Amino acid sequence: MTGDAVLGRRAFLRAGGLAAGLGVAAGALAACGGSTGQSSEPSSRTATSTVTVPPSTSAGPKPIDYAALAGSLSGKLLRPGQSGFSGASRSYNPLFDGRQPAAIALCGKPADVQACVAAAAASGTPIAARSGGHSYAGYSTPDGALVVDLAGLSGITVNPDGSMVVGAGARLIDVYSAAGNAGRAIGAGSCPSVGIAGLTLGGGIGVLGRKFGLTCDQLTSATVVTPDGVQRTASASSEPNLFWALRGGGGGNFGIVTSFTFATAPAPSVQIFTMQFPAGSVGSVLGGWQQWAAAAPDELWSTCNVAGGSPATCSVTGTLIGSSSALNSHLSALAQATGVSPSSRYVLSKSYLDAMRYFAGGGKVVRESFVASSRMVTSPVADPGSIASLGAGKTGLNLVFDALGGAIGRVGADATAFPYRSALASLQIYQKLTISRQAATKVVGEVRDGLAGPLGTTGYVNYIDPAMPNWGQAYYGNNLARLRQVAGQYDPHGVFSFAQAISKA
């Protein structure tokens, strides 16, 4: 469990940023979200260490002895009223600043996580892990819970064989920097402060995904503390049910991951582009983009952003692993597919690391208030104009389509917990707080429900929405039944439970 989710978001929602100045980062692409969570299969044969979880007495669970817990940790345990608690209780989205956990454990090693899990399990206290704090519903900082803050577990090692071991508290910008400085690459998101844990556990849609796959596809193993206090290693050959569930099963469901091991690829040079289209052309651009994106080579990734307003506007931004001449040819094909002449077109050539920093807004972390939801585009939309109309007149609303396909689509729908392998794109519905929270929630709900007709009742768990109808089926599709089995096997007593936990789906 780690409280984040997946892809960059903000400056890319201002796609004109690239046009405004070639040295200014266009920024985040789709979403800085990440659900929180980890999973595991209970085989003590692979346990690396154990903390005994005391049984509850006949009188029922006893409250956590926080003084005793604090004494067992290598880091601090913060309680309400103590210095540092207020700042530590903040998540990425200021909408959740009013949350008041019972305590925040600043963990410095896996044994600290085990101690927290044991204390929560024995007492019945809610527990939530937090990495980047980007949970769209604020599930990584719940009221009255013991929050396991993983920021201290942020070490990153790139091995000579190209494998990369990443602590669960690492932020995405640091993962990119470590990989790029070693001449390696990983496909992931673009929000600099999103936690690698939430991003990976929900799937990991993002930049270069068509070439390298989802972030979870690059995961080769993970260490996980399960509700029984045991730290386990999950991989294709060890705890296979755990490994399956970790790859797209969402955060917060089965345990707390303390580290990930990823396969990486040699770092390529990257072409970056933005095409801005004139106002009033959204339907034509979206219709042409979906056909163009579906036929693109693996090396070409893009996102189509519809910015609400009067009228709505549209831009397409993305990357190509290849030459500038090849990219120009692809962009000409895009303009032809849309039947609309772009109002501007910009291309930049960058190293892998500089490109990732570019999409991450240069690595600058700025908190942002928003309400969001999602749908998956499982096939080309017959009437893209109907989708375009949903953004008309809605200031601060962005509909962000991230192209899938390529390597993502060559993995079976049941090979990992992420179910939407054959989808054309993901769609994030993102409303910045240019209006009241109540109004923003209403807009997002109306757009989400309006999209159910053309797109179906689907969703992406890393853009988790507490009001999503039939959310279990929406996020996990046909993989929900198996995920429930894993949850029942590893967490039968609901130690890791929250409003949209798989055990409640």
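We count residues from 1, following the sequence as given. Model, not experiment: these values are computed from the prediction.
Using a 30° and 60° split on the angle between ring planes, Y136 and F370 fall in the perpendicular class, above 60°.
With 3.5 Å as the limit, one finds no donor-acceptor pair spanning the side chains of T215 and T200. If you check the side chains of S135 and S140, you find no donor sitting under 3.5 Å from an acceptor. No hydrogens or angles considered: a donor-acceptor pair under 3.5 Å links the side chains of S193 and H134. Side-chain atoms of T223 and S259 include a donor-acceptor pair closer than 3.5 Å. A donor-acceptor pair shorter than 3.5 Å can be found between the side chains of S302 and W289.
Applying the side chain to side chain contact (heavy atoms under 4.5 Å, CB included) criterion to A296, with sequence neighbours excluded, gives R210, L300. Residues passing the salt bridge (charged side-chain N to carboxylate O under 4.0 Å, His left out) test with D465, sequence neighbours excluded: R448.
Side-chain atoms of N305 do not come within 3.5 Å of backbone N or O of S315 as any donor-acceptor pair.
Side-chain contact between V371 and L433 is present, with at least one heavy-atom pair separated by less than 4.5 Å. Taking the side chain as every heavy atom from C-beta outward, V148 and I127 approach each other to under 4.5 Å. For the pair T457/M376, no side-chain contact is recorded, criterion being any heavy-atom separation below 4.5 Å from C-beta on. At a threshold of 4.5 Å between non-hydrogen side-chain atoms, the residues S497 and K504 count as touching.
The ring of Y476 has its center no closer than 6.0 angstrom to the ring center of F418.
Ionic pairing of D97 and R367 is present here: one or more N-O contacts between side-chain nitrogen and carboxylate oxygen are shorter than 4.0 angstrom.
The nearest pair of heavy atoms linking F254 to L483 is CE2-O, 3.8 Å. Between G287 and P384, the shortest heavy-atom contact is CA-CG, 3.6 Å.
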